[in-house]
Participant: 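My questions will all concern the structure given below.
Numbers restart at 1 for each chain; the letters A, B, ... are given by sequence-line order, proteins then strands. Both backbone and side-chain heavy atoms feed into the values below; hydrogens, waters and symmetry mates do not.
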Amino acid sequence: MKEGLVNWCPDCMTVLANEQVVSCCCERCDSEVEKKELKQWYFKITDYADRLVDDLDKLPGWPDSVKTIQREWIGRSYGAEARFQVEEADWSIPVYTTRLDTIYGVTFIAIAPESKLAERLNVSDEKRTEIDAYKSAAMLKNDIDRGNDTVEKTGVFSGLYATNPFSGARVPIWIADYVLAQYGTGAVMGVPFNDMRDKAFAEKYDLPIQQILTTADGSEVKEGEVISIANGVTVNSGRFSDMSSKEAIDSMAAFAEEGKFGKKTKQFKLHDWLISRQRYWGTPIPIIHCDKCGQVPVPESSLPIELPIISDYLPKGRSPLADVDEFINVKCPTCGGDAKRDADTMDTFVCSSWYHLRYADPNNGSAPFETDKANSWLPVDKYIGGITHATGHLLYFRFITKFLHDLKLIDFEEPAKELFNHGMVSDSSGQVMSKSRGNVVSPIELMEQRGVDVTRLAMYFTAPSDKEVLWSDAALVGVEKFLLNKVIGLPALYDASCSDLKSHFKQADLSSADWDFYTVLNQQLKRITDDSEKLQFNTVIAASMELSREIERATDITPALRNYSVRVLIQVLAPLIPHVAEEIWQTLGFKESIFKSQWPKVDDSALVSQTITMAVQINGKVRGQIDIAPDADSATALSAAKASESVVRHLDGKTVVKEIYIPGKILNIVVK
RNA sequence: GCGAGAAUGGCGGAAUUGGUAGACGCGCUAGAUUUAGGAUCUAGUGUUUCACGACGUGGGGGUUCAAGUCCCCCUUCUCGCACCA
């Protein structure tokens, strides 16, 4: 539990974690978030920051986009801390910098107005009033206004000075709201020569700019424009002059460490996870506050704490549980005296970080789950969710998994091997449908009107699963026709009197036409199988439609083969239209559920057609087509091509320069 | 500003390793069937041209026998981060 500036949503009347603030606004209700100084509970996710970054490399099954977003959100940077002694005081101001090599260019120190360092400055009363006024004004601005780098930078001079530990130079100490209190040390060294922001500030307040770098590659040097570490060479930097930036950083850090005024460090943008919420729906925080004993955890034997049933859940600015006396007032587990429960509940993202473990052991009455059971079922093989959760749920999910692993409750460190980001579904007005927005209405209406299977099929068919779907009822028409006219009619194409349930056929046993059909069937089955694995259901459905037409037209084939093709089609469609498929399966005469049947196996010996239609190009333009065996030799292909009238016409009067023949692909004749 | 992704008919979208661009569906056109409407079935449907053909995957260049696909530059859109020192 710690005191700090927290995000407060005035509409939801609760605090929020950083991850729940989107562009300064509450992710649920879009109200502008305020800053409040409150004492709240946090999970120390920052202790896991390094592992959360490093282990991303162990997740080949996660999309790069999500990994990049997480990496940037955690925001690890390597740099150094250096301390600037405050004049006529017994303390020093620490600053964090990734560019220690520029420290000879420091012409001022800037401290964030909310920083504790600003309070600590021993300034005159007059200055204190000025600084306080500046701080209040800064805190009233929202982060967007403050964070916008086009906005003019402002600050207040404290009247105090500090000493550069490297150069001994005397630099003024300023309070400036372009410095973030919650990152690094809350203070920065101002190097206007190698930083746009510092330059803008220095120009506004007439502070000097001092060159301390030049470029290794001889490119133009401009004040304020950053010279990269790879390209920097130090100048005017005392004994560290004329070094590469890299070299300078290393030897300066060593020097600072020796002199005990600095060292190499790293920083993260990630903050601790604020989990207290002033809401009803959430897990009660299992802490009892006792005047005598302080914060006492609820003993394990009394867990879990169940929410009391109440009638008024509306937010009032404090937890609704705070007003439930019989819940709040308890005896202290340590001393037995009167005490009170913590009234807040946990962020619901806490629950979604571990609930999957409970599925492995749902009836366990004495513990959340048994380690052996969790280990045997998990981690999750394929986790499907929206990319909107990249920095929220998906980060917490990984963090809690690592934490439980460290407690030896589970033996894996990552919750999901594979992650698939599905697209969002927007309603016809373009609003993204989401649980928190509560506009997930249209599919429910649709399911009532047209049935669940039609709705599912329409959703899958409209767009590939990773793309956004703009919902429109027109998408329903085609799939509904397919379902009603083709799929429902499948039993009519099935010869129930044929008891041969063969699923594998040999070329020698079939007529040429039957073998052709069997080949097409296997080609489509392969497409469907591969695309299903990739969750690309739109093409699965397209292939199923094609297959359905093939079956319909194959009236003369042997019944065992036709029956097999009908079974294949209904089996591959079953995951998409479970209700209809199950019913048809029964109609075909099967007693067991279709979902207990095996996914049909692709016959690899029947994937190559006997003849294919190949394009014939002259100078790269299609001029004719030939029907040919896929493995025919070039002479055969060439003579077949010369039987085509338009090929002959385009060859007329020309000299053949080159013939490119790729069996099974193309015949291209280059002429002059 | 930085980072990531995308751009294909009237529309949603297909196209292993570069190899017939537009699969599948919607819409549209014509025909069949029907008392009519709906439904169903058949055929057609990138643009342009009488035709041969020409042109065509956001724009411009390049590599190649061959480019939606590979390389360079540009435009637009979506998403993420946003003074992180």
Participant: Roughly how far apart, to the nearest Å, are B/C83 and B/U78 at atom C1'?
Facilitator: 25 Å

Participant: A/Asn668 has a side chain; which of B/A66, B/A23, B/C81 sits nearest to it?
Facilitator: B/A66

Participant: Mind checking whether A/Tyr183 and A/Tyr96 have parallel, tilted or perpendicular rings, split at 30° and 60°?
Facilitator: perpendicular

Participant: Whole angstrom is fine here: how far is it from CG in A/Asn619 over to P in B/U20?
Facilitator: 17 Å

Participant: In the strands shown, is B/C65 matched to any nucleotide by a Watson-Crick or G-U wobble pair with both distances under 3.5 Å, and which?
Facilitator: B/G19

Participant: With P as the reference atom in both, quote the distance from B/A36 to B/U47 in angstrom, rounded to an integer.
Facilitator: 33 Å

Participant: Pick one for B/G9: is it syn, with its angle within 90° of 0, or anti?
Facilitator: syn

Participant: If you find the nucleotide of RNA chain B closest to A/Ile666 and the one closest to A/Ile660, which residue's nucleotide is nearer the 5' end?
Facilitator: A/Ile666

Participant: For the pair A/Ile45 and A/Phe268, evaluate side-chain contact (heavy atoms from CB on, under 4.5 Å) and give the outcome as yes or no after the intermediate values.
Facilitator: CA-CA 11 Å; A/Ile45 192 171; A/Phe268 297 92; over 6 Å; no

Participant: What does B/C55 pair with, Watson-Crick or G-U, if both distances are under 3.5 Å?
Facilitator: B/G46

Participant: Just compare B/C26, B/A15, B/C24 and give me whichever is closest to any side-chain atom of A/Val477.
Facilitator: B/C26

Participant: Roughly how far apart, to the nearest Å, are B/G3 and B/C74 at atom P?
Facilitator: 13 Å

Participant: According to the Watson-Crick and G-U wobble definitions, with both distances under 3.5 Å, which nucleotide is paired to B/G3?
Facilitator: B/C79

Participant: Could you measure between the two P atoms, the one in B/G61 and the one in B/A67, and give it in whole Å?
Facilitator: 15 Å

Participant: On the nucleotide B/A23, are OP1 or OP2 found under 4.0 Å from the side-chain N or O atoms that A/Gln524 carries?
Facilitator: no

Participant: What nucleotide among B/C83, B/A85, B/G13 has an atom nearest to a side-chain atom of A/Asp177?
Facilitator: B/C83

Participant: Rounded to the nearest angstrom, tell me the gap between atom CZ in A/Phe461 and atom P in B/C24.
Facilitator: 10 Å

Participant: Both distances below 3.5 Å, Watson-Crick or wobble geometry, any strand: find the nucleotide opposite B/G31.
Facilitator: B/C41

Participant: Looking for any heavy atom pair under 4.0 Å, which part of the strands does A/Ile69 touch: base, sugar-phosphate only, or nothing?
Facilitator: sugar-phosphate

Participant: Can you give me the closest heavy-atom contact between A/Pro630 and A/Val608, atom names plus distance?
Facilitator: CG-CG1, 3.7 Å

Participant: Taking only the side-chain nitrogens and oxygens of A/Lys621, find out if one of them lies under 4.0 Å from OP1 or OP2 of B/U20.
Facilitator: no

Participant: Name the one of A/Phe84, A/Trp174, A/Tyr205, A/Phe201 that satisfies ring pair (Phe, Tyr, Trp, His ring centres under 6.0 Å) with A/Phe108?
Facilitator: A/Phe201

Participant: Rounded to the nearest Å, what distance is computed from the CG atom of residue A/Asn485 to the P atom of nucleotide B/U40?
Facilitator: 5 Å

Participant: From the set B/G80, B/A14, B/C65, return the single nucleotide nearest to any side-chain atom of A/Pro464.
Facilitator: B/A14

Participant: Within this structure, what is the CE-to-P distance between A/Met459 and B/G13, rounded to whole angstrom?
Facilitator: 15 Å

Participant: Taking B/C41 as the reference, what is the distance to B/C24 when you measure between their P atoms (whole Å, please)?
Facilitator: 15 Å

Participant: Does A/Asp531 form a side-chain hydrogen bond (donor to acceptor under 3.5 Å, both in side chains) with A/Thr539? I'd like the steps, not just the answer.
Facilitator: CA-CA 7 Å; A/Asp531 290 355; A/Thr539 49; 2.8 Å; yes

Participant: In whole angstrom, give me the gap between the P atoms of B/G58 and B/G9.
Facilitator: 7 Å

Participant: What nucleic acid atoms does A/Glu659 come within less than 4.0 Å of, heavy atoms only: base, sugar-phosphate, or nothing?
Facilitator: nothing

Participant: Measure from OH on A/Tyr460 to C1' on B/C26 and round the result to the nearest Å.
Facilitator: 21 Å

Participant: Which listed nucleotide (B/A15, B/G13, B/C55) is nearest to the side chain of A/Asn538?
Facilitator: B/G13

Participant: What is the distance, rounded to the nearest whole Å, between atom OH of A/Tyr78 and atom P of B/A85?
Facilitator: 13 Å

Participant: With distance as the sole criterion, do the side chain of A/Lys153 and the base of B/C83 form a donor-acceptor contact below 3.5 Å?
Facilitator: yes

Participant: What's A/Val95 touching, base or sugar-phosphate or nothing? Going by heavy atoms closer than 4.0 Å.
Facilitator: nothing

Participant: Does the side chain of A/Trp73 come within less than 4.5 Å of A/Glu19's, by heavy atoms?
Facilitator: yes

Participant: Decide, yes or no, whether a salt bridge links A/Asp250 with A/Lys264 under the criterion of side-chain N to carboxylate O below 4.0 Å.
Facilitator: yes

Participant: Name the residue closer to the 5' end of RNA chain B, choosing between A/Arg623 and A/His271 according to the nucleotide with the nearest heavy atom.
Facilitator: A/Arg623

Participant: Parallel, tilted or perpendicular: which fits the ring planes of A/Phe240 and A/Tyr104, with parallel below 30° and perpendicular above 60°?
Facilitator: tilted

Participant: Closer than 4.0 Å, any side-chain N/O of A/Arg549 to the OP1 or OP2 of B/C24?
Facilitator: yes

Participant: So what does A/Gln267 hit on the nucleic acid, given a heavy-atom distance under 4.0 Å: a base, only sugar-phosphate, or nothing?
Facilitator: nothing

Participant: Does A/Arg649 make a side-chain N or O approach to OP1 or OP2 of B/G53 shorter than 4.0 Å?
Facilitator: yes

Participant: In whole Å, what separates the P atom of B/A43 from that of B/A23?
Facilitator: 15 Å

Participant: Determine the interatomic distance between P on B/C2 and the same-named atom on B/U64; round to the nearest Å.
Facilitator: 34 Å

Participant: Separation of A/His650 atom NE2 from B/C52 atom C1', in whole Å?
Facilitator: 8 Å

Participant: Roughly how many Å is it from CD in A/Gln70 to P in B/A4, rounded to a whole number?
Facilitator: 17 Å

Participant: Please tell me if A/Tyr178 has a side-chain N or O lying less than 4.0 Å from either OP1 or OP2 of B/A85.
Facilitator: no

